[in-house]
Amino acid sequence: MITGDASYIKKMNRSLILKEILKEGMLSRADVSKATALTRATVSGQVADLLSEELVVEKEIEYNQVGRKPIMLSINAEAGYAIGIDLEYDQISFAISDLQGSLVLTDTMKLQQYNAYEDILLLLTGQIKRYQERFADSRYGIIGIVIAIHGLVSTDEVIHYIPSFDWHDVPLKRDLENALGLQVKLENNANLSAFAECVFFHHETNDLLSVTLHSGIGMGMMFNHSFFRGQDGFAGEIGHMIVVPGGLPCNCGNKGCWEKYASETSILQLLRAKKPGEDMTYAQIGRWIEAKDPDVTELMEQFIYYLSIGLNNMINIYNPEVVVLDSELLRIYPDSLQLIEANLNSRVSHYREIKISTIGKKSCVLGACAIAIQSFLQVPVLNLPYKG
Ligand SMILES: [Zn+2]
């Protein structure tokens, strides 16, 4: 039971007010009062605190009618900065966002073939320290660091396994926090993409599945604004669902895993074998698609066929409201979504909407920054406008 503890209620009211201002971008005190159902006096008191903490700023907007210009409230975007990091198999992507979730800076570091843990730890520490110095003049500096892990992260945020680095039970969070003196959060990359889809696009969705199809296949699941993690935190390893019994060998030890047939890496590998020595950029693939190149058409049809098999299975398990697919190949292939939907014609499996992600690959770092913002501002549900 929730008790009427005054400081608790004050905290709840504060997070409600911040949530509404973040969602709308700009609101007057009267709008805040209407949106939160809090009295004007409560809103005024809370806003006074937020102004003195420099988390909220006032802006006068131009008003055509005679009378006072309304004073609007918005989040003081430059009061602090979040760091989102995507630890991919061949590169590390860094993104800095302001408190409204807009990216203000991005960096990429290419990685060597073999990545010793100590080397990556040093790389991360050095780069984060540079950001700390760079943003030290803002009111709150770096407000949080969230790192996307393309592998298994346990519920206590230990990296259990990253296949591409062959890392087992690595305490990256602990080592970084010791080196930086700052809190660091680790989260599975597919979870972060799912979180970004909810924060920036699907505010009202209760059941969302986000499927990322890059180096492998990852699935992030959001139910009622929370992650579905499973007992150990490893839920969503959908890329290792077997779709072809006795099929292609996978480094998980099984044969015929979904990601051997329906990840971009597997398709690009097959395409490379058909077109040795050719440039394998998305721009080039786009040109082949446009020219109706038979090799590319055949592979894309195969990709969509196997992708649909896995999606059908997932939809049967979860009955989701929204399924978001994140794949550049699907984005550039004409009518890919209609072709997938045509394959999802079971009378049993049900979903409301399937779409290709508008955010794309950067959903991972945007989701990471959004988690840091949510935790810093202590809002239970975060909705932010997407600015591209
Ligand atoms: Zn596998």
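When a ligand or atom number is given, it counts from 1 through the structure's own listing order. Every heavy atom of this structure was used, including side-chain atoms; hydrogens, water molecules and symmetry mates were not. One-based numbering along the sequence shown.
Between Tyr89 and His150, the distance separating the two ring centers is not shorter than 6.0 angstrom.
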*Stepwise, does the salt bridge (Lys or Arg N to Asp or Glu O under 4.0 Å) test hold for Arg287 with Glu290?*
CA-CA 5 Å; Arg287 283 192 285 276; Glu290 210 173 316; over 6 Å; no
What side-chain donor-acceptor pairs closer than 3.5 Å can you find for residues 196-205, not counting sequence neighbours?
from	atom 1	to	atom 2	distance (Å)
Glu197	OE2	Ser357	OG	2.7
His203	NE2	Val199	O	2.9

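With 3.5 Å as the limit, one finds no donor-acceptor pair spanning the side chains of Ser266 and Glu259.
Summarising the local packing, OH of Tyr282 is surrounded by more than 12 heavy atoms from other residues, nucleotides or ligands at distances under 6.0 Å.
Atoms CD1 and CG, on Ile304 and Leu330 in that order, are 6.0 Å from each other to the nearest 0.5 Å.
Distances shorter than 2.8 Å separate the Zn ion (ligand 1) from the protein N/O/S atoms His240 ND1, Cys250 SG, Cys252 SG, Cys257 SG.
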